[in-house]
Protein chains: 2
Amino acid sequence: MGKSTRSHSQTRRGAPESISIEAVARKAKVSTATVSIVLNGKGERYRISKATQERIKDVAKKLNYEPNPVARSLRLGRTQTIGFVIADLANPFFAELATTLERLCHEHGYLLQISASGDDVAMEEEIIRNFVAKSVDGLIIATSHEESDFLSDIASRTPTVFVDRKIKGSNCCWVTSDNYESAKEAIRRLIDKREFREVAYIGGAPSLSSNIERLQAYENVLEEAGVPVARRIVKEGAFTCDAGKAAMSDIIEEIGRPPDAVFTASYTLLEGALAELKRRYGAAQPDIAIATYDDHPLLDYVAPPILSVRQDCPLLAESAFSILTSMMSGSSGLQRIIAPARIIQR
Amino acid sequence: MGKSTRSHSQTRRGAPESISIEAVARKAKVSTATVSIVLNGKGERYRISKATQERIKDVAKKLNYEPNPVARSLRLGRTQTIGFVIADLANPFFAELATTLERLCHEHGYLLQISASGDDVAMEEEIIRNFVAKSVDGLIIATSHEESDFLSDIASRTPTVFVDRKIKGSNCCWVTSDNYESAKEAIRRLIDKREFREVAYIGGAPSLSSNIERLQAYENVLEEAGVPVARRIVKEGAFTCDAGKAAMSDIIEEIGRPPDAVFTASYTLLEGALAELKRRYGAAQPDIAIATYDDHPLLDYVAPPILSVRQDCPLLAESAFSILTSMMSGSSGLQRIIAPARIIQR
DNA sequence: TTGAAAGCGCTAACAT
DNA sequence: ATGTTAGCGCTTTCAA
């Protein structure tokens with residue numbers, strides 16, 4: 001039936017020499033259906049003869065045949081891909097999550113597709129929309145997004161796990177560190193170091209659960225210790241380096257000198273705060289006691305010593321992945337995990 | 001012709017309520033062809049009447065129609081996606097490249113798909129194969145892969161730009177920092193600090209151009225300065241943290257004490273070297289002069305001061321992207337760019 | 001100015 | 001035990 005007409009579609013580029021299932025079928029003298037069945041390991045179920053199976057596999061190998069994933073996705077409506085949305089690739093916390101997730105995905109035959117929103121809410125929506133349009137099989141979202149109907153909606157139609165933040169008042173699955181307890185312990189140890197005139201707080205986006213819980217820890221610890229919380233040295237903004245700079249700057253302006261002690265609610269904020277101190281005081285770094293959420297290998301060598309909270313990224317990632325896996329295979333229970341974090345005393 | 005038969009394909013999952021072009025066509029009372037033409041902005045070219053165009057656009061908007069990218073890819077043989085292959089997400093150098101690349105891709109209507117090989121050659125091949133199978137429109141490869149026919153082959157059939165390393169003896173496009181000159185300058189400044197008994201070198205995979213050039217710089221500077229190069233304190237291995245630890249350990253064993261001065265050929269190696277020093281000497285860090293390829297924000301606060309080479313990631317990324325863009329639009333000229341890097345004196 | 005239909009490569013229901 | 005065929009959603013040629 002003259003399947004060779006090239007009158008249509010000659011405009012497409014495609015891979016130059018990619019062999020299709022049809023080429024295999026022709027060479028093995030069977031139909032494409034049989035090839036598909038055999039190559040997908042369903043040969044037994046369909047009782048394809050051993051001989052035929054061998055022949056097909058041989059031909060496929062000889063031709064170096066690889067099924068076209070795009071066609072497969074279109075037909076199947078799934079892609080063996082998991083989308084991972086983060087705020088910022090340069091944030092080592094996210095990078096570490098991504099590293100573990102990628103390993104897990106690979107082990108389970110998935111591809112991890114990472115996209116960073118650059119902390120831009122609209123961009124983030126676009127990324128997620130794109131992921132969904134491309135039929136990712138699941139979503140892991142670690143984001144600085146505000147509470148949103150959009151996200152709840154997505155989560156209700158595509159298996160989704162949130163990491164690092166909780167969505168208020170919805171029935172989404174999430175995995176986070178034990179922000180409140182770990183921050184509390186860190187701040188407790190910070191103020192135990194010596195007597196401070198004040199302890200400043202530099203936080204991220206006010207509406208994010210991670211910030212809320214870390215701030216709550218800060219307020220409660222100070223209260224317990226009988227230290228007054230001065231709102232003017234409590235700064236929130238965004239979980240970015242720039243916001244950290246601005247916050248530190250504000251605090252210094254506010255009290256007319258560097259604070260005695262400060263807690264930064266993320267690594268990025270710490271980086272910003274330090275940069276601002278350096279900008280203002282250069283080499284003559286003031287004597288500030290610092291504690292921060294998130295850890296970094298180089299903190300072991302930084303002066304002054306910076307106490308930190310090390311989140312258990314492998315555990316967070318594994319939990320998220322395992323929840324997602326169960327959702328993708330149909331479970332609809334509400335799964336939430338709170339992972340402990342470790343204080344690195346310095 | 002009873003298009004509504006659902007006898008076949010009822011097994012697929014797909015998105016629950018995704019509207020297809022056909023729904024739009026039906027509602028707008030035109031054919032799918034017309035919808036496609038109009039929505040792709042070819043209405044004028046095909047002289048579709050203004051009225052029809054409006055009607056179609058209205059319906060599409062009302063139905064919230066989004067063309068299915070998978071179907072589109074299958075038909076067109078392209079995906080508006082660029083694959084970015086790196087060794088390690090946790091390496092800030094790659095993360096920074098990725099950040100800029102993602103911005104550029106977004107601005108040009110592409111999606112960046114990042115995948116990390118974890119420094120595993122086989123894994124990397126698999127990733128690239130996967131990318132190609134999925135019809136990425138272009139590849140940017142920043143990898144610790146050895147010279148390989150596989151890569152040359154890929155590069156000859158898919159627009160590909162290598163970053164951070166050159167492929168020996170092939171006609172591939174690449175973008176790298178000026179490894180030789182910048183490393184030379186850094187090492188020069190390192191040995192100018194004071195008189196050293198020895199200056200050790202901790203490098204990455206011996207066959208990678210980045211390592212070769214940085215090592216060459218080391219040898220030449222020492223020679224120029226009349227300092228003998230002792231092979232036993234020149235360690236190569238891999239661009240990883242673990243390799244850095246091992247190398248530092250070897251050097252210490254070799255000379256029976258920590259070296260006076262050391263140059264690490266990447267941030268990851270520095271991290272490893274520092275960790276090993278810490279493991280062995282704890283808080284009583286020996287007085288070592290250190291310089292490293294790659295910079296990090298926290299290095300500003302690390303003691304002892306660590307001189308570094310800051311690669312121009314935005315420039316590298318932009319160059320790679322621009323070369324790739326030109327290749328994707330048909331250019332086949334051999335484009336190569338060497339970007340200057342900056343020394344951060346500390 | 002628009003529509004019909006082929007076909008991208010694959011899978012699965014159904015027929016044989 | 002294997003083949004035929006519809007159809008995933010889209011674009012484009014050709015016809016009208």
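Convention: sequence-line order gives letters A, B, ...; per-chain numbering from 1. FYI, side chains are in, hydrogens and waters are out, and symmetry mates aren't considered; it's all heavy atoms of this structure. This one's a predicted model, so the numbers in the text were calculated from it and none came from an experiment.
- Taking a cutoff of 4.0 Å between a charged side-chain nitrogen and a carboxylate oxygen, A:Lys62 and A:Asp58 do not qualify as a salt bridge.
- Taking A:Lys61 as the reference, nothing meets the salt bridge (Lys or Arg N to Asp or Glu O under 4.0 Å) condition, with sequence neighbours excluded.
- Listed by residue number, the members of residues 34-47 of chain A with any heavy atom below 4.0 angstrom from DNA chain D are A:Thr34, A:Tyr46, A:Arg47.
- Look at A:Ser20 and you won't find any side-chain N or O under 4.0 angstrom from OP1 or OP2 of C:dG9.
- Ion pairing between a basic and an acidic side chain is recognised when a charged N comes within 4.0 Å of a carboxylate O; A:Arg129 and A:Glu124 show no such pairing.
- For the salt bridge (Lys or Arg N to Asp or Glu O under 4.0 Å) test, no residue two or more places apart in sequence or in another chain qualifies with A:Arg55.
- Scored by the side-chain hydrogen bond (donor to acceptor under 3.5 Å, both in side chains) test, A:Lys57 finds no partners at all (sequence neighbours excluded).
- If you check residues 57-64 of chain B against DNA chain C, you find no residue with a heavy atom closer than 4.0 Å.
- When all heavy atoms of A:Thr158 and A:Val136 are compared, the pair lying nearest together is CG2-O, 4.2 Å.
- The side chain of A:Leu76 has C:dA12 as its nearest neighbour among C:dA12, C:dG9, D:dT12.
- With sequence neighbours excluded, the residues forming a ring pair (Phe, Tyr, Trp, His ring centres under 6.0 Å) with B:Phe321 are B:His108, listed by chain and number.
- In this structure, A:Ile48 and A:Thr32 both approach DNA chain D, and ranking their closest nucleotides by distance from the 5' end singles out A:Ile48.
- A donor and an acceptor atom, one from each side chain of A:Lys134 and B:Thr81, are located under 3.5 Å apart.
- When each of B:Val70 and A:Lys29 is assigned the nucleotide of DNA chain D with its nearest heavy atom, A:Lys29 is the one assigned upstream, toward the 5' end.
- Ranked by how close their nearest DNA chain C nucleotide is to the 5' end, A:Arg72 and B:Ser31 are led by B:Ser31.
- Contact between the side-chain N/O atoms of A:Thr52 and the OP1/OP2 oxygens of D:dT2 is found at a separation under 4.0 Å.
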